[in-house]
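Worksheet: one structure, shown below.
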Amino acid sequence: MKNKSLFSILIAIITLSSCGKKEEQMPPQGPMPFPVQTVAKQDAVVYQEYTANLEGQQNVEIRPKVNGFIQKIYVDEGQVVRKGQLLFKLETQTQNEDASAAKAAVQAAQVEVDRLKPLVDRKIISNVQLETAKAKLAQAKASYGAIAANIGFGTITSPVDGVIGGLPFREGSLVSSSSEMPLTTVSDTRVIRAYFSMNEKQLLFFNKTFKGATTAEKLKAAPEVSLLLVDNTEYDQKGKLATMNGLVNPQTGTTQFRAEFKNPEGILRSGSSGIVRLPINEKNVILVPQNAVFEVQGKQTLYVVGKDNKVKSKIVQTSGTSGLNFIVTGGLEEGEVIVIEGTSKLKDDMEIVPQQGKPEAAAPAGNAVAKDSAKTTTPPAKK
């Protein structure tokens, strides 16, 4: 038994020894392949983004001109109405009674004028009495006209084409011309106005970028703008910059702009919000894939390949994105070779096998964002 045990132990030692020799005989692993790209300058389109409030081209508050109870409401919230369409009817019974009394006063004053006129002609009475009667007649007619107009004001129609807003009052409610809330608001949304602001730095850039001796010429030189909706999709109608405030608000340091978008299908509604995107053409800029850039202690870094195929990390400065690329403004020179994928597996002075990759598309429309804009998030690439 002892001999058998010693023999088993000897066999195990020999087996382990032979395995160790095999491991020692395995050649060391060589450099791994990584896709790389040569840095080159190219043109790109970036978008400056500005948060905007949307309003119809006309937002008309409907207010009563006279006091009264709402007798009838002829429209509903969100209804499309035409100019002149009946909206509200106010109770005018009291005004009708006042009108009857005023009309009777006019008739009585007319009778008095008619009675005095022949007496004046025959010089029985002085002309002063007739003129006084005529003045009373004119006063009675004016009073009747005012009351009759008030009766007309009880019928309220839409002053413009548009969409009915909220209806804070119900039938039977007492309203007056001094009421804080309007009866409703009619918004003409055939053209939507997007109001947004630029800070002084952005305004200076705008004035330098788009040529023109006047504000109107600069606005005309500016390209069409797009509108990003709240669901992160782009509105299918392009807009145009229409106005720019001539003054900078000293309290906010901003200047207001207005862009206009056609709204044929009524998708946009007054009171909503969106993001106006202004395209800017950038000439001869360095673009690198976003996959090539990673952050180290809050600084953007990438790996540059040296002549001996050893990589070295390098800090770069960027100014937003263009498509799937970062726009590099510092830290990288044209002609350098960078690693564009697998950077998490690399470390300084590591040797690799470079494999030239294809550069990303320069700037697909709608996917570029300027870093100093009012909003700097990048929407997902279009499918």
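Note: hydrogens, waters and symmetry copies are ignored here, and every other heavy atom, side chains too, is used.
No side-chain donor-acceptor contact under 3.5 Å links Glu341 to the backbone of Phe34. Under a 3.5 Å cut-off, the side chain of Lys65 and the backbone N or O of Ser176 do not form any donor-acceptor pair. Formation of a donor-acceptor pair under 3.5 Å by the Ser173 side chain with backbone atoms of Phe169 is not found in this model. Checked by atom type and distance alone, the side chain of Arg63 pairs as donor or acceptor with a backbone atom of Ser179 at under 3.5 Å. Side chain of Lys218 to main chain of Gly212: a donor-acceptor pair is present (N/O by atom type, distance under 3.5 Å, no hydrogens or angles). Between the side chain of Asn263 and the main chain of Ile267, a donor-acceptor pair closer than 3.5 Å is present. Although no hydrogens or angles enter the test, the distance criterion places no donor-acceptor pair under 3.5 Å between the side chain of Asn127 and the main chain of Gln129. In this structure, the side chain of Asn199 engages the main chain of Gln202 through a donor-acceptor pair within 3.5 Å.
A donor atom on one side chain and an acceptor atom on the other are not found under 3.5 Å apart for Glu351 and Asn309. For the residue pair Thr252/Thr254, the side-chain donor-acceptor check at 3.5 Å is satisfied. In this model, no donor atom of one side chain and acceptor atom of the other lie less than 3.5 Å apart for Glu49 and Tyr47. Inspection of the Thr318 and Gln300 side chains reveals an N or O donor paired with an N or O acceptor under 3.5 Å. Side chain to side chain, Ser273 and Asn53 fail the donor-acceptor criterion of an N or O pair below 3.5 Å.
By the 4.5 Å heavy-atom criterion applied to side chains, Leu87 and Ile164 are counted as neighbours. Counting heavy atoms from C-beta outward, Thr243 and Tyr195 have side chains that stay 4.5 Å or more apart. The shortest side-chain heavy-atom distance between Val276 and Leu227 falls under the 4.5 Å cut-off. Inter-residue side-chain proximity for Val311 and Asp348 is flagged as unmet; no heavy-atom pair is nearer than 4.5 Å.
Of all non-hydrogen atoms in Leu332 and Val328, the two that sit nearest each other are CB-CG1, 3.9 Å. Scanning all heavy atoms of the two residues, the minimum distance from Glu61 to Pro182 falls at CB-CB, 4.0 Å. In terms of heavy-atom proximity, Gly162 sits nearest to Val186 at CA-CG1, 3.8 Å. When all heavy atoms of Ser272 and Arg269 are compared, the closest pair comes out as OG-O, 2.6 Å. When all heavy atoms of Ser270 and Ile192 are compared, the pair lying nearest together is N-CD1, 4.3 Å. Looking at every heavy atom in both residues, Leu54 comes nearest to Ala194 through CD2-CB, 3.5 Å.
When each of Gln356, Glu334, Glu336 is tested with Thr38 by the rule side-chain hydrogen bond (donor to acceptor under 3.5 Å, both in side chains), just one qualifies, namely Gln356. No option in Ile327, Val45, Asp43 other than Ile327 meets the side chain to side chain contact (heavy atoms under 4.5 Å, CB included) test with Ser322. Partner of Val81 under the side chain to side chain contact (heavy atoms under 4.5 Å, CB included) criterion, out of Val163, Asp161, Val75: Val75 alone.
With respect to the salt-bridge test (charged N to carboxylate O, under 4.0 angstrom), the residues Asp349 and Lys310 do not qualify. Note on Arg193 versus Glu55: no salt bridge recorded, every NZ/NE/NH1/NH2 to OD/OE distance being 4.0 Å or above. In summary, Glu234 and Lys238 engage in a salt bridge, as defined by a charged side-chain N under 4.0 Å from a carboxylate O.
A continuous path of ILVMFWY side-chain contacts below 4.5 Å connects Phe196 to Leu268, so both sit in one hydrophobic cluster.
Residues Phe206 and Phe257 place their aromatic rings such that the two centres sit under 6.0 Å apart.
For the ring-ring contact (aromatic ring centres under 6.0 Å, His included) test, residues two or more places apart in sequence or in another chain that qualify with Tyr303 are Phe294.
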